[in-house]
2 protein chains.
Amino acid sequence: MPIMRTKDENKKEALFRATIKLVNEIGFASSSVSKIAKEANVSPSTLYVFFDNKEDLLVSTYVEIKTQLAHALLENFDDTLPIRDIIRNGWYSVFNYVSEHPDEAAYMEQFSNSPYSELVDKAVVEREFVPFGNVMVKGIEQKIIKDVDISILAAFIFNPLFRLANPRLCAELEMNEEKLEQAFGMAWDAIKL
Amino acid sequence: MPIMRTKDENKKEALFRATIKLVNEIGFASSSVSKIAKEANVSPSTLYVFFDNKEDLLVSTYVEIKTQLAHALLENFDDTLPIRDIIRNGWYSVFNYVSEHPDEAAYMEQFSNSPYSELVDKAVVEREFVPFGNVMVKGIEQKIIKDVDISILAAFIFNPLFRLANPRLCAELEMNEEKLEQAFGMAWDAIKL
DNA sequence: GGCATAATAAAACGTTCATTCGTTTATGTC
DNA sequence: GACATAAACGAATGAACGTTTTATTATGCC
């Protein structure tokens, strides 16, 4: 019979949000545990109830975001559609996620370009994206998509997208529906046979 | 009549290299001034002879790399070639630079995705890439390239390239001549009309 | 060779860091 | 409502931080 006070998951959520905000504003180097805790209205020591240490906080924040992104990608996933439509849906889903969550996207980019990324269990993260990868394999088999490594295909589909949707990298550029369809057209032209 | 001891520019060079190495290995957060100085075999205070502060060191390192990259890009620049060949030469020049200088490339990516990037005078950096941008404008005018913002074009040409040439992001994938020509073909398909 | 000067270094500065400690507070069960 | 428990906290920890101060070394010119 466990008698215990329950953890307040709002605090974990607040710590995630504080981490994302601070790391985007002042970077990994200046984002101290005490600043993050203060931003989340939590005591520094309380942070250690939810995370083993600072590193664990940063890595967990990344995995949390990446999982959200995977769910967004697979939300409208429909295996029965033509391959181009499946990929188009996925592309738009990711674009929408990145547009609606610019802070999460910026954190993701900053994190994955830093040495912290080596601490992530990649198998766990990539597992979420398998269905989408399978579609590309199917597209190759059906001679619809160029016969190239999946990671090359993914690079052409998603890398420009992240740049375009990221205000830090493309501040001057605001996307509208026309530009968006153009951009997907370019991504598709790159990978289609 | 100036009587003075000359600065040892080798030390500035060593500090650049130490910064790149350490930031890639342990990130901005852990790369302290004293560690960088030790890696460069220099006293911490000597660092301040060459740079105003840590921030200046990090930004200067980035600008130095970006300038090197621009020179690599423009080295084989030949205005008289067909547009596709000009862009192909530039693409290969950048790929070669990134392949031969993976540490510099990784630093560049990590830096430009961090808040430090806001400290860079973008006009100074972008000026170096103007000739290449002009080629793309010419390509649009001649109806060879899609009529899209230059930053969208650049995103499709260079973003996948950085990912493919970066061992941190594509560890499992080794590029050979065939894959390379495939990859450029994809980039060109994306932007060509 | 000696002097002026800046490059260089070692040590010290106050501050902030990540983490832990000791205590208090809130909650689920009886 | 009282008890047991873990959540939550503020304060304290020593280490490391970026930078400055102070002292020494090496160099170019007379």
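Just so it is clear: chains get the letters A, B, ... in the order the sequence lines come, proteins before strands, and each one is counted from 1.
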How close or far is atom [atom2] of [N] from atom [atom1] of [X], stated in whole angstroms?
{"X": "Asp52(B)", "N": "dT20(D)", "atom1": "CG", "atom2": "C1'", "result": "14 Å"}
{"X": "Phe28(B)", "N": "dC17(D)", "atom1": "CZ", "atom2": "C1'", "result": "17 Å"}
{"X": "Asp8(A)", "N": "dG28(C)", "atom1": "CG", "atom2": "P", "result": "11 Å"}
{"X": "Asp56(B)", "N": "dT19(D)", "atom1": "CG", "atom2": "C1'", "result": "14 Å"}
{"X": "Asn10(A)", "N": "dT27(C)", "atom1": "CG", "atom2": "C1'", "result": "15 Å"}
{"X": "Ile36(B)", "N": "dA9(C)", "atom1": "CD1", "atom2": "C1'", "result": "18 Å"}
{"X": "Phe51(B)", "N": "dA7(C)", "atom1": "CZ", "atom2": "P", "result": "14 Å"}
{"X": "Glu9(A)", "N": "dA7(D)", "atom1": "CD", "atom2": "C1'", "result": "12 Å"}

Give, for atom OG1 of Thr19(B) and atom CG of Leu15(B), the distance between the pair rounded to the nearest 0.5 Å.
->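 So the OG1 of Thr19(B) and the CG of Leu15(B) are separated by 6.0 Å.
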So how far is it from Tyr107(A) OH to Asn24(A) CG, rounded to the nearest 0.5 Å?
->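 It is 9.0 Å, given to the nearest 0.5 Å.
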In terms of the angle between their ring planes, are Phe28(B) and Phe111(B) parallel, tilted or perpendicular, with boundaries placed at 30° and 60°?
->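 Correct class here is perpendicular.
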Parallel, tilted or perpendicular for Phe132(A) and Phe77(A), by the 30°/60° rule?
->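 Geometry flag for Phe77(A) against Phe132(A): tilted rings.
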Reading nucleotides 10-17 of chain C from the 5' end, what letters show protein touch, with B for base, S for backbone sugar-phosphate only, - for no heavy atom under 4.0 Å?
-> B------S
Strictly below 4.0 Å, N to O, side chains only: are [X] and [Y] in salt-bridge contact?
{"X": "Glu181(A)", "Y": "Arg88(A)", "value": "yes"}
{"X": "Lys146(B)", "Y": "Asp189(A)", "value": "yes"}
{"X": "Asp103(A)", "Y": "Lys21(A)", "value": "no"}

List in chain and number order the residues that pass side-chain contact (heavy atoms from CB on, under 4.5 Å) with Asp8(A), two or more places apart in sequence or in another chain; answer none if no residue qualifies.
->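 Per chain and number, Asp8(A) pairs via side-chain contact (heavy atoms from CB on, under 4.5 Å) with Asn10(A), Lys11(A).
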Would one find a side-chain N or O of Lys11(B) under 4.0 angstrom from OP1 or OP2 of dT8(C)?
->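 Yes, such a contact exists.
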Just wondering, more than 12 heavy atoms not from Glu177(A) lying within 6.0 Å of its CD?
->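 No, because the 6.0 Å sphere around CD of Glu177(A) holds 12 heavy atoms or fewer from other groups.
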Polar atom pairs between nucleotides 12-15 of chain D and protein, under 3.5 Å, N or O only, would you list them?
none

Counting side-chain heavy atoms from C-beta on, which of dA7(C), dA18(C), dT20(D) comes nearest to Tyr48(A)?
->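 Looking only at side-chain atoms, Tyr48(A) lies closest to dA18(C).
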